[in-house]
Amino acid sequence: MKRSSSVEADAASPATQMHARIVTAIRQIPRGKVSSYGAVARAAGYPGYARQVGQVMKRYAGLPWHRVLGAGGEIKVPPDDAIEQRMRLHAEGVAFRGRRVNMPLHEFKFPKVRSRLR
DNA sequence: ACTGTGACACTGG
DNA sequence: ACCAGTGCCACAG
C-alpha cells in the first residue's frame with residue numbers, strides 16, 4: 001500500500017478527519033437540545049478547536065447548525081442568521097432568556113467524550 | 001511564507 | 001451585565 005501517495009493522503013488528511021469528526025458530533029445533537037462550539041470540539045476529540053467548528057458548519061450543508069451556540073448559550077452567528085436560529089430553536093421548544101438560552105436546561109450531554117486526537 | 005480574519009472561549013476591570 | 005484584552009487555530013489571499 002502506498003503510504004504517502006498524494007491521492008489517498010488526501011482522504012486521510014488530518015484536516016479532513018477533523019472535519020468528519022466535527023460533523024459527526026454535530027449530527028448527534030438531538031432535536032430540542034443544544035450544544036456549544038467548545039463542547040462540540042471536545043466531543044469530536046479536538047479540545048480548543050471551537051473556531052474550527054464554526055468554519056466546518058459554514059461549509060457543510062444539512063447540518064443542525066442552529067443547535068450550536070456560543071459558551072453560555074449565546075448566539076454567535078451574524079444578525080441575519082441569528083433570526084432564523086432563534087426561530088428554529090423556538091420551534092423545537094428551546095426558549096430564550098433574553099439574549100441567551102438556558103443551557104443548564106437545554107444542553108445536550110455528549111456520551112463519549114473522546115480524548116485528544118491528532 | 002506571512003498576515004489578516006473569524007458562526008470561539010476565558011479572564012479581568 | 002458589558003466591554004477590552006489575550007489565547008486559540010485553520011484558512012484565505
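Below, chains carry the letters A, B, ... as their sequence lines are ordered, and counting in each starts from 1. Quick caveat, the model's predicted, so the values are computed rather than measured. Note: hydrogens, waters and symmetry copies are ignored here, and every other heavy atom, side chains too, is used.
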Novice: Same cluster or not: A:Leu105 versus A:Leu69, using hydrophobic residues (I, L, V, M, F, W, Y) connected whenever any side-chain heavy atoms lie under 4.5 Å apart?
Specialist: no
Novice: Below 4.5 Å, heavy atoms only, C-beta onward: do A:Gln28 and A:Phe110 meet side chain to side chain?
Specialist: yes
Novice: Answer whether the closest heavy-atom distance between the side chains of A:Ile26 and A:Met57 falls below 4.5 Å.
Specialist: yes
Novice: At under 4.0 Å between heavy atoms, what does A:Tyr37 touch on the DNA or RNA strands: base, sugar-phosphate, or nothing?
Specialist: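 Counting heavy atoms under 4.0 Å across all strands, the contact made by A:Tyr37 includes a base.
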Novice: With sequence neighbours excluded, give me every side-chain hydrogen bond (donor to acceptor under 3.5 Å, both in side chains) pair touching residues 79-94 of chain A.
Specialist: A:His66-A:Glu92, A:Arg67-A:Glu92, A:Glu84-A:Arg88
Novice: Heavy atoms within less than 4.0 Å of DNA chain B: which residues of residues 64-86 of chain A have one? Give them sorted by number.
Specialist: A:Trp65, A:Gly70, A:Ala71, A:Lys76, A:Val77, A:Pro78
Novice: Assess whether side-chain contact (heavy atoms from CB on, under 4.5 Å) is satisfied between A:Arg27 and A:Leu63, documenting all intermediate values.
Specialist: CA-CA 7 Å; A:Arg27 295 218 110 105; A:Leu63 293 176; 3.8 Å; yes
Novice: Shoot me the first and last contacting nucleotide of DNA chain C against chain A, ordered 5' to 3', at under 4.0 angstrom to non-hydrogen atoms.
Specialist: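 Under 4.0 Å from chain A, the extent on DNA chain C is C:dG7 to C:dC11.
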Novice: Tell me, with the steps shown, if A:Tyr46 and A:Arg116 meet side-chain contact (heavy atoms from CB on, under 4.5 Å).
Specialist: CA-CA 6 Å; A:Tyr46 297 90; A:Arg116 239 196 137 154; over 6 Å; no
Novice: Please table the atom pairs, donor to acceptor, closer than 3.5 Å between any side-chain atom in residues 34-43 of chain A and protein atoms at least two apart or in another chain.
Specialist:
| from | atom 1 | to | atom 2 | distance (Å) |
| --- | --- | --- | --- | --- |
| A:Ser36 | OG | A:Ala39 | N | 3.1 |

Novice: Could you tell me the separation between the NE2 atom of A:His19 and the CD atom of A:Gln17, rounded to the nearest 0.5 Å?
Specialist: 11.0 Å
Novice: Between A:Arg99 and A:Tyr49, which is nearer to the 5' end of DNA chain C once each is assigned its nearest nucleotide?
Specialist: A:Arg99
Novice: Just wondering, do A:Lys58 and A:Trp65 contact through their side chains at under 4.5 Å, heavy atoms?
Specialist: no
Novice: Using heavy-atom distances to pick each residue's nearest nucleotide on DNA chain B, tell me which of A:Arg42 and A:Met57 is more 5'.
Specialist: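 It is A:Met57, whose closest nucleotide lies nearer the 5' terminus.
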Novice: Can you tell if the side chain of A:Phe96 reaches within under 4.5 Å of the side chain of A:Leu89, non-hydrogen atoms only?
Specialist: yes
Novice: A:Asn102 vs A:Glu107, test: side-chain contact (heavy atoms from CB on, under 4.5 Å). Steps then yes/no.
Specialist: CA-CA 8 Å; A:Asn102 194 331; A:Glu107 179 167 29; over 6 Å; no
Novice: Could you spell out the base pairing of DNA chain B as a dot-bracket line? Use Watson-Crick and G-U wobble contacts where both distances are under 3.5 Å, [ ] for crossing pairs, | for partners on a different strand.
Specialist: .|||||.||||||
Novice: If we ignore hydrogens and angles and just use 3.5 Å, is the side chain of A:Arg100 paired with the main-chain N or O of A:Gly72 as donor and acceptor?
Specialist: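 Looks like yes, one N/O pair under 3.5 Å.
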Novice: What's the shortest heavy-atom distance between A:Gly32 and A:Val94, and which atoms?
Specialist: O-CG2, 3.5 Å
Novice: Provide a list of protein-nucleic acid N or O atom pairs under 3.5 angstrom, restricted to nucleotides 4-6 of chain B.
Specialist:
| from | atom 1 | to | atom 2 | distance (Å) |
| --- | --- | --- | --- | --- |
| B:dG6 | N9 | A:Arg51 | NH2 | 3.3 |
| B:dG6 | N7 | A:Arg51 | NH2 | 3.3 |

